Structures are given as C-alpha cells and as structure tokens.
Enquirer: 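Just dropping this structure here.
Bear in mind that the values here come from a model prediction, so they are computed numbers and not experimental data. Both backbone and side-chain heavy atoms feed into the values below; hydrogens, waters and symmetry mates do not.
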Amino acid sequence: MDDAAIFEALGLDAAIRSSGKLPVRSPIDGREIAHVATDTGKTLDAKIARAHAGFLAWRSVPPPRRGELIRLLGEELRRAKEPLGSLVSLESGKILQEGLGEVQEMIDICDFAVGLSRQLYGLTMASERPGHRMMETWHPLGAVGVISAFNFPVAVWSWNFAIALVCGDTVVWKPSEETPLSALACKNIFGRALARFGDAPDGLMEVVVGDREIGERLVADRRLPLISATGSCRMGREVGPAVAARLGRALLELGGNNGMVVAPSADIDLAVRAILFSAVGTAGQRCTSLRRLIVHEHVYDTLLPRLKQAYASIKIGNPLEPGVLVGPLIGRAAYERMQAALAHAAGEGGIVTGGKRVIAKTYPDGWYVEPAIVEMPEQTETVREETFAPILYVMKYSALDEAIALHNGVPQGLSSCIFTNDLREAEAFLSAEGSDCGIANVNIGPSGAEIGGAFGGEKDTGGGRESGSDAWKAYMRRATNTVNYSRELPLAQGIVFDAG
C-alpha cells in the first residue's frame with residue numbers, strides 16, 4: 001500500500017498529519033511523513049481526568065460486557081490489519097511481514113482478553129473460625145498509564161490495553177515520539193469499535209504525545225495507580241523510583257541482553273535458522289533480540305562458518321519490498337551507538353564481521369547496516385551492555401556450568417534459550433540452577449514470544465509481566481473477604497477478648 005492509501009484506511013487525514021510541530025520521519029528514507037500535535041501539561045491533565053472519570057463508570061460494567069468491546073476491537077483490527085501493519089513498517093522500519101505480525105499479535109491478545117473477561121477468578125479459603133467463610137476477590141484498579149517504545153509501536157500497547165479494559169480499567173497511552181501515527185491510528189480503530197459497542201463512557205483510551213517532560217508528568221500523577229513502561233534499563237531506573245515515591249505500582253519491561261547456548265548435541269541446521277531470525281530480525285531492535293551466542297568448543301568451528309554464510313545471504317533494504325529481511329535502524333543515533341560498540345569490542349580483542357553501513361547512496365537519510373558477528377575471547381564489559389542493533393557476540397564454552405555462568409553473567413534477564421538434544425542439559429537450563437531469565441526456551445530462539453505466556457524478565461529487565469497467563473492481576477486490586485454467617489464472634493488465633 002502507498003502512503004496515501006495507508007493514511008486513508010486508518011483515518012489519518014491531512015488535518016491530523018499536519019496538526020502540530022512534532023516531525024514524524026520514516027526510517028526507511030528519512031523523509032517527513034507528518035507533523036503532529038503534542039500535549040502540554042494542561043492537555044495531559046485533562047486527558048488523565050477524563051480517563052479517571054471514565055474508570056469510575058467503566059468499573060461497574062460487568063466484565064463479560066467489557067469483553068464484548070474488546071471482541072469488537074479485535075474485529076476492527078482484522079479489517080485494518082494490512083494498512084496498520086504497513087504503517088508500523090513505514091513508521092518503525094521493520095519489514096512488512098513483521099508489521100503484519102505485530103497486528104496479528106494485537107488480534108491474538110484481544111481474543112485472549114475476551115475469554116479472560118469470564119475468568120477473573122478469585123479463591124475460596126478455609127477459615128479457622130467456625131461459621132466463617134474466607135474468599136479473595138479482584139476489583140478494577142484505576143486509570144493505567146502506558147509508555148511504549150518505537151520497536152513495537154502497537155503490540156505492547158495492546159497487551160496492556162486489552163487486558164486493562166476487561167479488568168475494568170482505562171488507559172492513558174504515551175507512545176514513542178518516533179511512532180505517534182501508529183498510536184493515533186489505533187485510537188481511530190478503537191473509535192470504530194466504540195461506535196459499534198454503543199454505551200461506553202468517555203475516557204477509556206487517551207493518547208498523549210509528547211517529550212520527556214510529558215512522560216515525567218504522566219509517571220508522577222497519582223490518578224494513575226499503575227504505570228506500565230517499556231524501554232531501556234536507564235529509563236526504568238528513572239520511572240521505577242518515581243512511581244515508588246508516590247507508592248504507585250510500576251510494571252517495567254526493560255532491556256534484554258539475550259543469550260543462546262549451543263550444546264554439542266544441538267541440531268545445527270535448526271540453530272542457524274533460529275539465530276538468523278533472533279539476531280537480525282527487526283534489525284536487532286527487539287528487546288528479545290539475540291545478542292550473545294555461547295557455543296560449545298566442539299561445534300564452534302562447524303557453526304560459525306555456516307552462520308556467516310547465512311548472514312551473507314540476507315537481503316537488506318526497503319522493508320516494504322518483497323524478499324527484504326532487514327530494514328533500517330530507527331535513526332542515525334542508533335547507527336552511531338552500534339559503531340561505538342563494535343569499536344569497543346574490537347579494542348577488547350573481538351573479530352568483527354559485517355557492521356558496515358550499506359545502500360547509503362540510495363537512502364542517504366536511511367541508516368541501513370550489515371548485521372555484525374563479533375567473535376569475542378571472553379564476555380567483556382561491552383558484551384555485558386545491551387546495544388539496540390544487530391550485533392551478535394559469539395563466545396566458546398567447554399562445560400554446561402561454564403555456559404550457564406556466562407549466560408547469567410549480565411545485568412539483564414529477559415529471554416534465553418539452549419539448543420540441545422540432551423534431556424539432562426535441557427532440564428538443567430530450565431531449572432532453578434539454569435537460566436535466570438523470565439523466558440527460557442529449548443530448541444527455539446529467544447525472540448518471538450506468544451501472547452499466551454506471561455512476557456517479561458528479571459534483574460535489570462524490571463520484573464514486570466504482561467500479556468498472558470495471570471499477568472492480568474497487575475491491572476487489578478485484590479481484596480480478602482471474611483463472611484461470618486454464624487451468631488457467634490470467635491476471634492482468629494483463639495484470642496479471647498471478653499469485656500463482661
């Protein structure tokens with residue numbers, strides 16, 4: 001689809017695309033595709049107030065009825081899949097297949113949330129007091145602040161939004177300044193679902209566009225009991241304490257320095273295919289991108305040449321063109337950080353293959369690079385830092401304990417995997433003494449999580465969980481209830497307190 005068709009299909013008319021001074025550039029070629037309006041402190045305050053008022057009404061709507069709205073949103077997303085996927089690619093630079101896949105992920109979480117709307121279960125617990133019943137109930141939390149990143153401009157928002165809405169919450173969303181059009185398109189798509197739903201309060205979804213100052217105001221606002229923030233570890237170190245200072249909740253999805261262990265028994269063909277997608281997909285700009293490859297010394301010399309051959313076959317170019325597997329970095333700053341990391345790695349003894357800028361004559365304002373493989377003598381400080389670019393550091397190991405120690409020897413703890421056909425090795429990697437990440441896989445890469453499982457990581461990754469499993473509990477408050485249906489008043493722990 002061309003730009004005009006994309007914008008028309010998503011309701012992004014000329015007035016929206018020229019409503020302000022924030023330039024929106026496509027990383028494909030660096031051209032400006034819009035100038036959108038940004039929020040001020042005053043407009044942010046009004047949007048949060050509207051979301052809070054909306055929550056006060058929405059919390060009383062039965063959960064299955066809330067689920068009906070999300071079902072309608074899923075239908076509208078199905079209709080808008082091609083134009084929204086194309087816009088995601090246009091605005092973030094990921095290939096079209098990944099843009100479409102991101103919208104499919106939104107559809108999937110809507111399906112999940114519809115079912116969840118009838119499964120917000122509590123517990124019934126035995127009371128030690130006769131004639132008493134104890135139970136646990138879950139209630140809507142409030143208006144939720146969501147801060148998302150450029151690399152998944154719509155899917156991560158949908159993880160939060162679909163679950164929050166069926167839980168009875170409302171959402172105030174601050175997208176990345178790099179990708180505001182995708183957020184505005186989602187607001188329009190949700191508006192279509194609202195029109196079909198018929199009786200929803202205002203304020204269920206508010207979009208806030210702005211800079212760091214607007215983000216700080218959002219994080220500090222007490223009317224938002226939960227802040228769900230996706231971004232760098234540095235960002236999380238600022239958001240977490242700011243939310244904690246007002247005793248709010250923070251759901252943090254931060255950086256990942258993800259590793260793969262390739263054991264002696266591994267299926268090398270399978271491993272190479274997994275490495276290729278995990279390390280170079282989205283031009284290495286996923287939080288789950290593979291960044292560290294830990295290969296047993298007995299298969300190192302077999303794997304590495306095949307991996308380099310596979311890298312050499314990758315087509316780099318305009319992500320909207322068929323056959324392209326690697327699009328551009330988000331911008332010049334990302335390119336410069338990549339080059340600095342490669343220079344540091346080389347200074348630490350690394351052997352660099354690839355990493356150069358390409359097709360600069362065709363796209364002088366697009367930052368396309370060859371994915372890089374760096375053979376490292378050890379896990380240095382450069383390797384321990386996450387660089388948001390297609391850099392794969394490769395190291396050797398001789399024993400599984402050594403591999404796990406290398407794998408866990410970084411500050412981040414998001415996603416991990418091992419390739420092995422040895423049951424003992426696989427189970428050891430998944431055990432309490434194995435990977436210390438929130439996601440640990442066997443014979444699949446670290447990237448490309450499904451919505452059914454809770455997504456998130458440990459250590460500097462922030463500890464948050466979004467999407468499937470019981471991640472919904474983050475968006476609700478828990479109450480423990482005790483009902484006395486007897487005519488007596490026995491006290492817990494056998495306490496006697498008799499005044500007469």
Side-chain angles (χ1 to χ4, degrees), residues 102 105-106 108-109 112-113 116 138 140-167 169-176 215-216 218-221 224-258 286-289 386 388 408 410-416 435-441 446-478:
E102 185 166 348
E105 196 165 358
M106 301 172 77
D108 294 344
I109 198 66
F112 179 89
L116 180 65
W138 293 86
L141 181 63
V144 176
V146 175
I147 300 172
S148 61
F150 78 86
N151 59 326
F152 278 85
V154 293
V156 172
W157 161 75
S158 72
W159 293 353
N160 287 272
F161 185 69
I163 302 296
L165 247 65
V166 299
C167 288
D169 303 333
T170 58
V171 170
V172 181
W173 177 20
K174 182 189 178 300
S176 166
E216 290 173 346
L218 183 78
V219 165
D221 200 297
L224 303 173
L226 171 65
I227 299 293
S228 176
T230 301
S232 67
C233 295
R234 177 194 58 76
M235 182 268 278
R237 292 189 190 98
E238 296 176 2
V239 170
V243 178
R246 61 177 177 85
L247 301 182
R249 299 188 197 176
L251 195 168
L252 301 177
E253 297 286 1
L254 309 175
N257 195 349
N258 312 295
R286 288 184 176 222
C287 54
T288 55
S289 289
E386 180 191 31
F388 222 54
N408 294 349
V410 296
Q412 311 85 357
L414 178 52
S415 192
S416 61
S435 168
D436 62 1
C437 292
I439 300 169
N441 299 329
S447 194
E450 298 179 32
I451 60 93
F455 180 91
E458 302 300 323
K459 303 190 295 187
D460 282 10
T461 301
R465 293 297 186 275
E466 294 174 332
S467 192
S469 185
D470 66 348
W472 60 271
K473 293 180 178 179
Y475 304 87
M476 304 195 82
R477 60 180 180 85
R478 184 193 326 232

Enquirer: Pairs of donor and acceptor atoms involving the side chains of residues 150-167, under 3.5 Å and at least two apart or interchain, shall be tabulated with distances.
Expert:
{"unit_1": "Asn151", "atom_1": "ND2", "unit_2": "Gln285", "atom_2": "O", "d": "2.9"}
{"unit_1": "Ser158", "atom_1": "OG", "unit_2": "Ala155", "atom_2": "O", "d": "2.6"}
{"unit_1": "Trp159", "atom_1": "NE1", "unit_2": "Glu105", "atom_2": "OE2", "d": "3.2"}
{"unit_1": "Asn160", "atom_1": "OD1", "unit_2": "Ser228", "atom_2": "OG", "d": "2.7"}
{"unit_1": "Asn160", "atom_1": "OD1", "unit_2": "Tyr475", "atom_2": "OH", "d": "2.7"}
{"unit_1": "Asn160", "atom_1": "ND2", "unit_2": "Val156", "atom_2": "O", "d": "2.9"}
{"unit_1": "Asn160", "atom_1": "ND2", "unit_2": "Glu466", "atom_2": "OE2", "d": "3.0"}

Enquirer: For Gln412, enumerate each residue passing the side-chain contact (heavy atoms from CB on, under 4.5 Å) test, keeping only those at least two apart in sequence or located in another chain.
Expert: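 Expected list: Cys233, Asn257, Glu386, Val410, Thr461.
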Enquirer: Go through it in stages, so that I can follow the logic: the residues are Val146 and Val172, the test is side-chain contact (heavy atoms from CB on, under 4.5 Å), and I'd like the CA-CA distance, side-chain angles, deciding distance and then a yes or no.
Expert: CA-CA 6 Å; Val146 175; Val172 181; over 6 Å; no
Enquirer: Please check: side-chain N/O of Ser148 versus main-chain N/O of Thr230, any donor-acceptor pairing under 3.5 Å?
Expert: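 Looks like no, no N/O pair under 3.5 Å.
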Enquirer: Keeping the roles fixed (side chain from Arg249, backbone from Ile227), state whether a donor-acceptor pair exists under 3.5 Å.
Expert: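 Not confirmed, Arg249 side chain does not pair with Ile227 backbone.
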Enquirer: Indicate the atoms forming the closest heavy-atom contact of Ile147 with Val219, along with that distance.
Expert: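 Reported closest heavy-atom pair: CD1-CG2, 3.8 Å.
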Enquirer: Short question: side chain of Asp169, backbone of Val144 - any donor-acceptor pair under 3.5 Å?
Expert: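 Looks like no, no N/O pair under 3.5 Å.
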Enquirer: Flag the pair Glu253 / Leu251 as yes when at least one side-chain heavy-atom distance between them is below 4.5 Å, and no otherwise.
Expert: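 The answer is yes, as the side chains (C-beta and beyond) meet within the 4.5 Å cut-off.
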Enquirer: Would you say the side-chain atoms of Ser435 pair up with the backbone N or O of Cys437, donor to acceptor, closer than 3.5 Å?
Expert: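 Yes, because the side chain of Ser435 sits within donor-acceptor range (under 3.5 Å) of the backbone of Cys437.
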Enquirer: Below 4.5 Å, heavy atoms only, C-beta onward: do Met476 and Pro140 meet side chain to side chain?
Expert: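 Yes, close enough: below the 4.5 Å cut-off.
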Enquirer: Name all residues meeting the salt bridge (charged side-chain N to carboxylate O under 4.0 Å, His left out) criterion together with Glu102; count only those two or more places apart in sequence or in a different chain, and write none if there are none.
Expert: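 With neighbours one apart ignored, the set is Lys94.
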Enquirer: Which atom pairs, one a donor and one an acceptor, fall under 3.5 Å between side chains of residues 448-455 and the rest of the protein, sequence neighbours left out?
Expert:
none

Enquirer: Indicate yes or no: does Asp470 engage Arg465 in a salt bridge with an N to O separation below 4.0 Å.
Expert: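 Between Arg465 and Asp470 there is no salt bridge, as every charged N stays at least 4.0 Å from the carboxylate O atoms.
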Enquirer: What's the verdict on side-chain contact (heavy atoms from CB on, under 4.5 Å) for Ile109 and Ser467, showing C-alpha distance, side-chain angles and the deciding distance?
Expert: CA-CA 7 Å; Ile109 198 66; Ser467 192; 3.6 Å; yes
Enquirer: Mind checking the CD1-OG spacing from Ile439 to Ser416? Nearest 0.5 Å is all I need.
Expert: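 Between atom CD1 of Ile439 and atom OG of Ser416 there are 8.0 Å.
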Enquirer: If only atom types and distance count, is the side chain of Asn408 paired as donor or acceptor with the main-chain N or O of Asp436 below 3.5 Å?
Expert: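 Yes.
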Enquirer: Which pair of heavy atoms, one from Pro446 and one from Ser415, lies closest together, and at what distance?
Expert: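 Pro446 and Ser415 have their closest heavy atoms at O-OG, 2.7 Å.
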Enquirer: Between Arg477 and Trp138, is any pair of side-chain heavy atoms under 4.5 Å apart?
Expert: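 Arg477 does not reach Trp138 side chain to side chain.
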Enquirer: My understanding is that only residues two or more places apart in sequence, or in another chain, count here; which of them pass salt bridge (charged side-chain N to carboxylate O under 4.0 Å, His left out) with Arg478?
Expert: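 So Arg478 forms a salt bridge (charged side-chain N to carboxylate O under 4.0 Å, His left out) with Glu136.
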Enquirer: Counting N and O atoms only, with roles assigned by atom type, does the side chain of Thr288 sit under 3.5 Å from a partner on the main chain of Ser447, one being a donor and the other an acceptor?
Expert: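 Judged by distance alone, no pair lies under 3.5 Å.
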Enquirer: Sequence neighbours left out, what passes salt bridge (charged side-chain N to carboxylate O under 4.0 Å, His left out) with Asp108? Give chain and number order.
Expert: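 Scan of Asp108 (salt bridge (charged side-chain N to carboxylate O under 4.0 Å, His left out), adjacent residues dropped) gives none.
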Enquirer: Under a 3.5 Å distance rule, please check whether Asp460 uses its side chain to pair with a backbone N or O of Gly255 as donor and acceptor.
Expert: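 No.
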Enquirer: Do Leu254 and Lys459 come close enough that some side-chain heavy atom pair is under 4.5 Å?
Expert: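 The answer is no; the side chains never approach within 4.5 Å.
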